[in-house]
Amino acid sequence: MRILVDADACPVKEIIEDIAREHSIELIMVSNINHFIRSDYAQVVMVDGADQSADIYIINLCRKRDIVITQDYGLASMVLAKGSYAMDSLGRRFSPCNIEGLLMQRYVNQKARRAGERITGPKKRQLADNSRFMRKLLQLIQEIEHEDLPQ
C-alpha cells in the first residue's frame, strides 16, 4: 500500500503526510511544474505543465491497493479500475457504485456551463472537513491493513 496524491490543488497535503509518516506508508505527491511542493517525508514528483500530466503519471504509477487522493472524478475512475482506492480531500470514497453518477453529473454540469448556465462550486472548506478527511483516511488504511491479515 502506498498513498499517491494529485497534489496540485490538494488542501490536505500536510494531514496526508502526517498520517503516512505515522503509519510508515510510502507517500508520493505528484504535481505539475506550475506548483511548488516541498516535503520532508514524501517523494515529490514534478511533471510538465501539460494538461492532465499529473493524472497520467498517477494512473501509470498506481497499482492494486494503493490509495489515491484526488478531486478528479476521471482519475478516480481509472485508478479504481486498476484495483486502487480513491478518495477526495473531504474524505469521500470513490467506488464503482458512485463513480458513474459523479462522472455523469460532471458531464451535465460541463454541458450546462457551455450553454451559459451558472453552476455553483463547492462550499468553502471548514475545519470540520479536515477532521472528517483524517478520520476517513485512517479508516481506509485500517481496512486495507485488515485485508492483509490471514483469515
Side-chain angles (χ1 to χ4, degrees), residues 1-32 34-47 52-110 112-113 117-149:
M1 166 184 24
R2 302 175 299 174
I3 300 175
L4 311 175
V5 181
D6 185 0
D8 287 343
C10 181
V12 290
K13 290 186 283 287
E14 294 82 15
I15 294 170
I16 298 166
E17 186 171 342
D18 291 344
I19 290 172
R21 180 184 290 118
E22 182 179 312
H23 291 267
S24 299
I25 298 171
E26 182 180 354
L27 174 59
I28 303 167
M29 293 195 187
V30 181
S31 176
N32 70 41
N34 299 317
H35 297 86
F36 183 72
I37 296 175
R38 293 179 67 137
S39 173
D40 61 350
Y41 181 77
Q43 173 188 352
V44 177
V45 176
M46 303 301 287
V47 296
Q52 307 299 318
S53 291
D55 295 351
I56 292 167
Y57 188 91
I58 291 169
I59 292 163
N60 288 327
L61 184 65
C62 81
R63 57 186 184 227
K64 190 173 184 168
R65 299 180 62 251
D66 283 344
I67 299 171
V68 175
I69 310 297
T70 185
Q71 305 293 99
D72 186 310
Y73 300 155
L75 174 58
S77 69
M78 288 186 268
V79 301
L80 288 172
K82 290 185 78 171
S84 297
Y85 298 89
M87 68 186 314
D88 68 12
S89 64
L90 295 172
R92 176 176 47 178
R93 291 250 311 258
F94 299 110
S95 72
C97 297
N98 69 10
I99 197 66
E100 286 185 33
L102 293 168
L103 287 167
M104 178 56 76
Q105 187 61 52
R106 180 181 75 171
Y107 169 75
V108 169
N109 288 347
Q110 286 173 340
R113 277 192 293 277
E117 291 184 41
R118 180 169 160 75
I119 304 295
T120 59
K123 296 178 185 174
K124 186 176 179 182
R125 190 167 186 84
Q126 306 290 317
L127 282 177
D129 296 329
N130 290 343
S131 298
R132 181 177 49 256
F133 173 79
M134 185 183 311
R135 186 176 68 253
K136 295 291 189 172
L137 179 56
L138 287 168
Q139 193 174 62
L140 177 55
I141 290 168
Q142 289 173 347
E143 285 177 33
I144 295 169
E145 287 174 342
H146 187 298
E147 291 174 0
D148 289 340
L149 297 175

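Contact check for Asp8 versus Asn34: no side-chain heavy atoms found under the 4.5 Å cut-off. Under the 4.5 Å side-chain criterion, counting only non-hydrogen atoms from C-beta, Arg38 is not in contact with Val44. Considering only heavy atoms from C-beta on, Met134 stays 4.5 Å or farther from Val12 through its side chain. You'll find the side chain of Leu61 reaches within 4.5 Å of the side chain of Arg2, heavy atoms only. Annotation: side chain of Arg93 is in contact with side chain of Glu143 (closest heavy-atom distance under 4.5 Å). Contact annotation: the side chain of Val30 never approaches that of Leu4 to less than 4.5 Å [non-hydrogen atoms, C-beta and beyond]. For the pair Ile16 and Cys10, the minimum side-chain heavy-atom distance is below 4.5 Å. Two residues are said to be in side-chain contact when any heavy atoms from C-beta on lie closer than 4.5 Å; Glu17 and Asp40 meet this criterion.
Judged purely by atom type and a 3.5 angstrom limit, Asp129 uses its side chain to pair as donor or acceptor with the backbone of Gln126. Remark: the backbone N or O of Ser89 is paired with a side-chain donor or acceptor of Arg125 at under 3.5 angstrom. At least one donor-acceptor pair under 3.5 Å links the side chain of Ser84 to the backbone N or O of Arg63.
For the atom pair OH of Tyr57 and OG of Ser31, the computed distance is 12.5 Å after rounding to the nearest 0.5 Å. Taking CE of Met1 as the start and CD1 of Ile141 as the end, the distance is 6.0 Å to the nearest 0.5 Å. Note that the CG atom of Leu140 and the CD1 atom of Ile67 stand 4.0 Å from one another [nearest 0.5 Å]. Between the CG atom in Asn32 and the CE atom in Met46 there is a gap of 6.5 Å [rounded to 0.5 Å]. Phe133 CZ to Ile19 CD1: the interatomic distance, rounded to the nearest 0.5 Å, is 6.5 Å. Atoms CG and CZ, on Leu27 and Arg21 in that order, are 9.0 Å from each other to the nearest 0.5 Å.
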*Run the numbers on Ile69 and Met87 for side-chain contact (heavy atoms from CB on, under 4.5 Å), then give the verdict.*
CA-CA 5 Å; Ile69 310 297; Met87 68 186 314; 3.3 Å; yes
*Would Asp72 and Asp6 count as a side-chain contact (heavy atoms from CB on, under 4.5 Å) if you check the C-alpha gap in whole Å, the side-chain angles of each, and the deciding distance to 0.1 Å?*
CA-CA 9 Å; Asp72 186 310; Asp6 185 0; 4.3 Å; yes
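A salt bridge does not link Lys82 to Asp66: none of the charged side-chain nitrogens sits closer than 4.0 Å to a carboxylate oxygen.
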